[in-house]
Amino acid sequence: MGCSVVWFRRDLRLADHAALSEACRLGAVLPVFVLDRQLLFHPETAVARVAFMLESLRALDQDLRRRGGRLLVRCGDPAEELLRLVRASGADAVFAHTDSERLVGRVRDARVSRCLAEARIPLHWIEPAGASGTLLPYSGWSRQWHQAMAAPALPAPARIGVPPASAALADLPVPSLEQLGLEADAKPIPRGGSAAALERLEHFCEGRASRTYYWELSYPSARITTGLSPYLKFGVITPRQCLQRLAPLLVSDERRQPRHRSALQLASRLRWGCAIHQRFRYLPQLELCSLWSAFDTAGNDTLSEEQEGLYAAWREGRTGFPIVDAAARCLQAEGGWLELNFRSRAIYASFLTNLCGIDWRFGALHYMRHLIDGDCPIDHYQWAMQAGVTYGGANAWTRIYHPGQVAVNRCDPQGLFIRRWLPELSGLTNDQLGAPPAMADYPAPVLGYEDARRLRLEALEQQRLQIGDVQAAMARLPRDLHPFGYKRIAGCEVAWADLWAAEAPAALQPSAVELERLDPTGWRALMSWFSGSSRSTGSARTSRSSRASSRKRRSRDSPGQLSLDLELVLDREPA
């Protein structure tokens, strides 16, 4: 084989890159990245996230050039651009990692597969480490994921041979935001590239964060997050690379050593993110729907006049609840990747869904339009979890955060985070930051917590009672695959609307689980991913006991990858 095209997408690295390694083994390689307008102008695209991606593309191009290669960047329809480049280079095949982040990407990848197949050009889809193309029960996936994470990370190729440059294969610089038709905002952008990602990982392992991460992660003012999330979102670094650097901390014999516990916490979150992506691999409808159809009623893509007011106050940081408003301003100013930690995001999300009573997808839309680390499966599923719509049955439980002094005392007791983002409250004492006195330059609360909480719990109880047969109640992939909220966003690219309308829902690459064709074994495997979400019998104590027994059983049956104690921790999804 003379030459292979490697199609980069959310894998902007050279090390631990199975598709690139396989292509290099066969001969010369033409690395390609196609800027797809369907994603650049998706309603959930954040301009700052695109800016970080462009920085990472420039860094990837430099890494390739150090090894004799180069990155060809094109803008347009990926199917057309790839076919053009294959013909111009004389390539024999295309290699790419599978990606199941978004429906628009899976529709695009199915179209690319058809286009190249019609031209008789082999397209080799490579599974990322730990991912599975078949429906596995949760425990089975967990075992194979641990095995994949324990396997050595693939080294970056020492040399990368490329076809000679020509008019059709000309080097074109990575475009700017302005050249793509996007307007930059004021968010600071992290340094792109694998070197920057590895530096952040090393800083965590050797710095203060490795000693305090476990204890301070709930405190936004600590600014203790790793900063790795944007790099993981674009595949600039892999979970396997992170876990193998953490390995010396994970196997420590001093079980109470601060660095050991912090490393376990980070490892748990890495695995949890991979598990969420696997859920979306099976059920891509989770991008658009709640897990149970009972939670998605007609008209929930619109808001009443009162809800529009609440939604605007929540977005702009005018709710009258300081910790909520501080999170709102932090998100819009910095893109959330470094300071807006998981607890702040959860409080902010819970306020919109559980107290304002607004559909979680409106919150996910706003988050994704600002997050530099925005990752659709992780963010959407977190939103649905915070809203309580991933659970069903009589014993289902929903965490509704108190947005007043309770949250301040637990997450920002010294008021550092609140005062940083709400300087108008700098003169208040710490015990006033949960419920500020009437002030001319700070709004009164937009709602009462107790009444709003009661109404939400009553609504959730009624919706959960409607679930009934879980097989019938699980949301199906809708015929209409338009992104949620695309009509609300000015300037959103809708040229793909007719194309999507013509696509059958099954035309996805990778394909989704066909619920109507599942046998009992398949249903058991699928439902194991949503353990406890539809149980209607058994006490909470019994449920906890069952989970503990299950973890012990898995620890006995699992191969000793990384460490058995790590697996026990990783089986607990972060709150």
Side-chain angles (χ1 to χ4, degrees), residues 44 103 138 272 275-280 282-304 307 310-311 314 342 345-368 375-401 403 452-478 480 483-485 512-513 515 526-536 540 543 573-575:
E44 290 189 357
L103 278 164
Y138 181 81
W272 182 81
I276 294 299
H277 271 267
Q278 191 66 39
R279 285 177 171 90
F280 272 60
Y282 297 146
L283 299 177
Q285 55 265 45
L286 295 177
E287 178 183 341
L288 301 178
C289 311
S290 301
L291 177 61
W292 309 111
S293 55
F295 292 105
D296 293 339
T297 56
N300 57 5
D301 58 344
T302 59
L303 297 175
S304 67
Q307 288 177 319
L310 288 171
Y311 187 39
W314 175 84
F342 83 101
R345 297 188 193 202
I347 293 170
Y348 188 35
S350 180
F351 188 90
L352 183 74
T353 58
N354 293 321
L355 300 181
C356 297
I358 292 176
D359 189 289
W360 63 268
R361 291 171 295 180
F362 285 93
L365 173 65
H366 179 67
Y367 261 38
M368 292 296 289
D375 185 299
C376 177
I378 293 174
D379 286 283
H380 278 234
Y381 201 72
Q382 279 277 56
W383 266 97
M385 289 176 65
Q386 293 299 334
V389 299
T390 58
Y391 308 104
N395 292 323
W397 174 78
T398 299
R399 171 177 288 173
I400 300 179
Y401 289 89
R453 181 179 184 275
R454 175 181 53 80
L455 291 173
R456 177 59 175 169
L457 290 175
E458 290 173 355
L460 284 173
E461 181 180 9
Q462 291 303 311
Q463 288 173 310
R464 286 167 178 163
L465 290 174
Q466 298 172 26
I467 291 178
D469 177 13
V470 296
Q471 295 185 17
M474 184 172 283
R476 267 52 178 179
L477 187 64
D480 183 356
F484 180 86
V513 167
L515 298 179
L526 182 62
M527 291 307 301
S528 69
W529 286 87
F530 306 98
S531 178
S533 63
S534 60
R535 290 180 181 139
S536 58
S543 178
E573 293 184 351

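Since the structure is predicted, the reported quantities are computational estimates derived from the model, not experimental observations.
- Here CZ of Arg345 is found 6.0 Å from CG of Asp379. Values are rounded to the nearest 0.5 Å.
- In terms of modelled atom types and a separation under 3.5 Å, the side chain of Arg456 and the main chain of Ala387 share a donor-acceptor contact.
- A distance-only check finds no donor-acceptor pair linking the side chain of Glu287 to the backbone of Pro284 [under 3.5 Å].
- With contacts defined as side-chain heavy-atom distances shorter than 4.5 Å, the pair Tyr311/Leu352 qualifies.
- Shown here for Met368 and Cys376, the closest heavy-atom pair between the two residues is CE-N, 3.8 Å.
- The nearest pair of heavy atoms linking Ala475 to Gln285 is O-NE2, 2.8 Å.
- Side chain of Ser293 to main chain of Ala473: a donor-acceptor pair is present (N/O by atom type, distance under 3.5 Å, no hydrogens or angles).
- Note that CG of Leu355 is 10.5 Å distant from CG of Leu310, once rounded to the nearest 0.5 Å.
- Heavy atoms only, all atoms of each residue included: Trp360 and Leu286 are closest at CH2-O, 3.8 Å.
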Margin query: Please evaluate residues Phe362 and Phe484 with respect to the criterion ring-ring contact (aromatic ring centres under 6.0 Å, His included), reporting the C-alpha separation (whole Å), side-chain torsions for both, the decisive distance (0.1 Å), and the verdict.
Written below: CA-CA 8 Å; Phe362 285 93; Phe484 180 86; 5.0 Å; yes
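- Separation of atoms OH (Tyr367) and CD (Glu44) is listed at 13.5 Å; rounding is to 0.5 Å.
- One N or O on the side chain of Ser350 and one on the backbone of Tyr401 form a donor-acceptor pair closer than 3.5 Å.
- In summary, the side chains of Thr390 and Arg279 do not present any donor paired with an acceptor at a separation below 3.5 Å, with no hydrogens or angles considered.
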Item checked: Steps toward side-chain contact (heavy atoms from CB on, under 4.5 Å) verdict (Phe295, Asp359) -> CA-CA 9 Å; Phe295 292 105; Asp359 189 289; over 6 Å; no
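- The shortest heavy-atom contact between His366 and Trp314 is CD2-CZ3, 3.6 Å.
- Checking Glu461, Arg464, Gln386 one by one against Thr398, the side-chain hydrogen bond (donor to acceptor under 3.5 Å, both in side chains) holds for a single residue, Arg464.
- A distance of 8.0 Å separates CG in Asn354 from CG in Leu457, rounded to the nearest 0.5 Å.
- Taking CD1 of Ile378 as the reference point, atom CZ of Phe342 lies at 14.0 Å (rounded to 0.5 Å).
- His277 places a side-chain heavy atom less than 4.5 Å from the side chain of Asp375.
- Nearest heavy atoms, Gly485 versus Leu365: CA-CD2, 4.2 Å.
- To the nearest 0.5 Å, the span separating CD1 on Ile467 from CE on Met474 amounts to 10.0 Å.
- Only one option out of Asp296, Leu103, Leu288 pairs with Pro478 in a side chain to side chain contact (heavy atoms under 4.5 Å, CB included); it is Leu288.
- Taking the six-membered ring for Trp and thresholds of 30 and 60 degrees, Trp529 and Tyr282 have ring planes more than 60 degrees apart, a perpendicular arrangement.
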